[in-house]
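Residue numbering restarts at 1 for every chain, and letters A, B, ... go by the order of the sequence lines.
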Protein chains: 2
Amino acid sequence: MTSTRDDPRPTKSQRTKAAILVAAREHFARDGYDRTTVRSVAAQASVDPALVIRYFSSKEALFAAAVDVDLMLPDLASVPRGELGARLTRHFLERWEGGLSDDVLVILLRSAVSNEQAADRLRAVFSEQVASTIGALAPRRDAGRRAGLVASQLLGLALTRYLLRLPGIADRPADDVLADVGPTIQRYLTQDLG
Amino acid sequence: MTSTRDDPRPTKSQRTKAAILVAAREHFARDGYDRTTVRSVAAQASVDPALVIRYFSSKEALFAAAVDVDLMLPDLASVPRGELGARLTRHFLERWEGGLSDDVLVILLRSAVSNEQAADRLRAVFSEQVASTIGALAPRRDAGRRAGLVASQLLGLALTRYLLRLPGIADRPADDVLADVGPTIQRYLTQDLG
DNA sequence: CCAGAAAGTCAACACCTGTTGAATTCTGGT
DNA sequence: ACCAGAATTCAACAGGTGTTGACTTTCTGG
């Protein structure tokens, strides 16, 4: 055996497993679930296709592993009520735009649109992370409604800006977009709803 | 020859061609471009796969034909300025929700996310139809910006409501959604922008 | 009634997919 | 230097894809 446990340096197989995961994220993000092939992921990780299956059992399981995500939403409870919209929107933009970011969000959105399993996953992330965070701010009765509205605007922003790259929204600086969209989110979070 | 022209009853081949198109729209809408197979479209149209190719040359061309769409945007010039948001949002919801509707919008959005050709097409529809309609209302300088914002919210609504079926937005009556989202669109269309 | 065009089918191709089990190479401990 | 066991590759499978060209059926005008 190479090491029983607590070896700080990851074992060889752990490292290639991680490399496969990185390559998989890149491909899933760029091409979506269907167009991503086990062979292309393997090639990019400089590895045999069979190894990908050996480590992850199947393409579906590889996807599930690639998309295990934490939105890292800020704690909105400590934010002044009047800045909620701007704060949440900025966080969202940074999470998408950050060069360091794993491409997990792109993967999830791109794949969820044509893959029911991915859609399940996204709905789960949404209700566990977004809806519950917002639930902490609003009366229970409104929480789902507000969360849905926020999601419709923020995911719409991601869709048009990062996936479709629509002119008029994709070609503007993040700060400008923030200034326009932030107030909408603020309204959805705090405004009286009929 | 069966008829030179202006025969009111479509010829046989025109009818099966149309049937293929209907089947194709249904499959592209439900499954997206990649998962839709020429064979399954042919089967649903009760026709040989080869015929699909014979009539449309290739799967890509079939897709292009299936997605040739007219948003049928209302003429916003005749709408009172204060009702623009509600009017445009209602039109949009009806266009998606209408049982009679061809599934063209679902197809376009679902496919555009993972298919660059479809994305081109959607950007074209957007700039030719949405951006120009809005351009008629706003100063040229703001038009692109407003159109982008409107698209981000309306496509986000479609995404979360019809494709992802997020709870909190998909399970509410259209009128409720209209009441919440309409004012946002109104703001994007008419409000002063910094 | 029948030639010829139109409409549609058949069988096959070349290629690509996820996945498998056996075979091979690599590596660390004694 | 040896060798167990981990790490990885090889070759192949069964099934599905878009597309093609030759063939057959169906229709129609003279």
Side-chain angles (χ1 to χ4, degrees), chain A residues 1-24 27-28 30-67 111 114-118, chain B residues 1-24 27-28 30-67 111 114-118:
Chain A
M1 219 183 298
T2 50
S3 76
T4 42
R5 55 178 174 138
D6 279 84
D7 193 329
R9 278 191 353 190
T11 161
K12 186 108 199 289
S13 75
Q14 285 174 326
R15 272 188 288 121
T16 62
K17 198 170 170 178
I20 291 171
L21 218 42
V22 167
H27 269 85
F28 282 134
R30 189 187 322 119
D31 305 329
Y33 183 87
D34 293 318
R35 295 177 113 85
T36 295
T37 101
V38 171
R39 281 172 162 83
S40 65
V41 169
Q44 179 160 335
S46 305
V47 132
D48 190 276
L51 199 63
V52 174
I53 298 295
R54 188 140 280 222
Y55 282 159
F56 293 93
S57 304
S58 73
K59 185 185 174 182
E60 287 224 342
L62 172 63
F63 179 79
V67 88
S111 303
S114 63
N115 184 284
E116 193 53 32
Q117 189 203 1
Chain B
M1 218 183 298
T2 50
S3 76
T4 41
R5 56 180 175 137
D6 279 85
D7 193 331
R9 278 190 355 190
T11 161
K12 184 110 201 290
S13 75
Q14 283 173 328
R15 272 189 288 122
T16 60
K17 198 170 169 177
I20 290 171
L21 218 42
V22 168
H27 269 85
F28 281 135
R30 191 186 320 120
D31 306 328
Y33 182 86
D34 294 318
R35 296 176 112 84
T36 294
T37 107
V38 170
R39 281 172 164 83
S40 66
V41 169
Q44 179 160 334
S46 305
V47 130
D48 191 277
L51 199 63
V52 174
I53 298 295
R54 189 139 280 226
Y55 281 158
F56 292 92
S57 304
S58 72
K59 183 185 175 182
E60 287 223 343
L62 172 63
F63 178 80
V67 90
S111 303
S114 63
N115 185 284
E116 194 53 32
Q117 190 203 0

- Item | Length of the line joining A:Q14:CD and D:dA6:P, which is rounded to integer Å | 14 Å
- Looking only at N and O atoms, is any donor in the side chain of B:R39 or the base of D:dG16 less than 3.5 Å from an acceptor on the other one? no
- Nearest heavy-atom pair of A:R39 and A:P49: which atoms, and what distance? CG-CG, 3.9 Å
- Task: Would you mind reading off the distance between A:F56 atom CZ and D:dT8 atom P, rounded to a whole angstrom?
- Result: 12 Å
- To the nearest angstrom, the CD1-P distance between A:I20 and D:dA7 comes to 12 Å
- Task: Check the distance between D:dG16's P and B:R35's CZ and give it to me in whole angstrom.
- Result: 15 Å
- Message: With a 4.0 Å cutoff (strictly under), does any side-chain N or O of B:T16 reach OP1 or OP2 of C:dG8?
- Response: yes
- Spacing of A:R15 atom CZ relative to C:dC26 atom C1', expressed in whole Å: 13 Å
- Here the distance between atom P of D:dA6 and atom CG of A:L51, to the nearest Å, is 15 Å
- Note on the structure: From CG of B:D48 across to C1' of D:dT26 the rounded distance in Å is 16 Å
- Message: Base, sugar-phosphate or nothing for B:S40? Non-hydrogen atoms, less than 4.0 Å.
- Response: nothing
- Note on the structure: Which of C:dA7, C:dG21, D:dT20 is nearest the side chain of B:I53? It is D:dT20
- Message: For A:D48 versus A:A42, what's the shortest heavy-atom pair and its separation?
- Response: C-CB, 3.9 Å
- Task: Would you kindly give the CD-to-P distance between B:E60 and D:dT19, to the nearest whole Å?
- Result: 8 Å
- Choose from D:dA7, D:dT19, D:dT9 the nucleotide whose nearest atom is closest to any side-chain atom of A:K12. D:dA7
- Where the side chain of A:T37 is defined as all heavy atoms beyond and including C-beta, which of C:dT9, D:dT8, C:dT17 is the nearest nucleotide? C:dT17
- Which sits closer to the 5' end of DNA chain D, A:S13 or B:A50, going by the nucleotide each is nearest to? A:S13
- Nearest atoms (heavy-atom pairs only) where B:K59 meets B:T36: NZ-O, 2.7 Å
- Message: Check the orientation of A:Y33 and A:F28. Use parallel for under 30°, tilted for 30 to 60°, and perpendicular for over 60°.
- Response: parallel
- Item | First encountered from the 5' end of DNA chain C, between A:S57 and B:Y55 | B:Y55
- Do B:T37 side-chain atoms and B:S40 backbone N/O form a donor-acceptor pair below 3.5 Å? yes
- Of all the nucleotides listed (D:dT19, D:dT8, C:dG18), which has the minimum atom distance to the side chain of A:V38? C:dG18
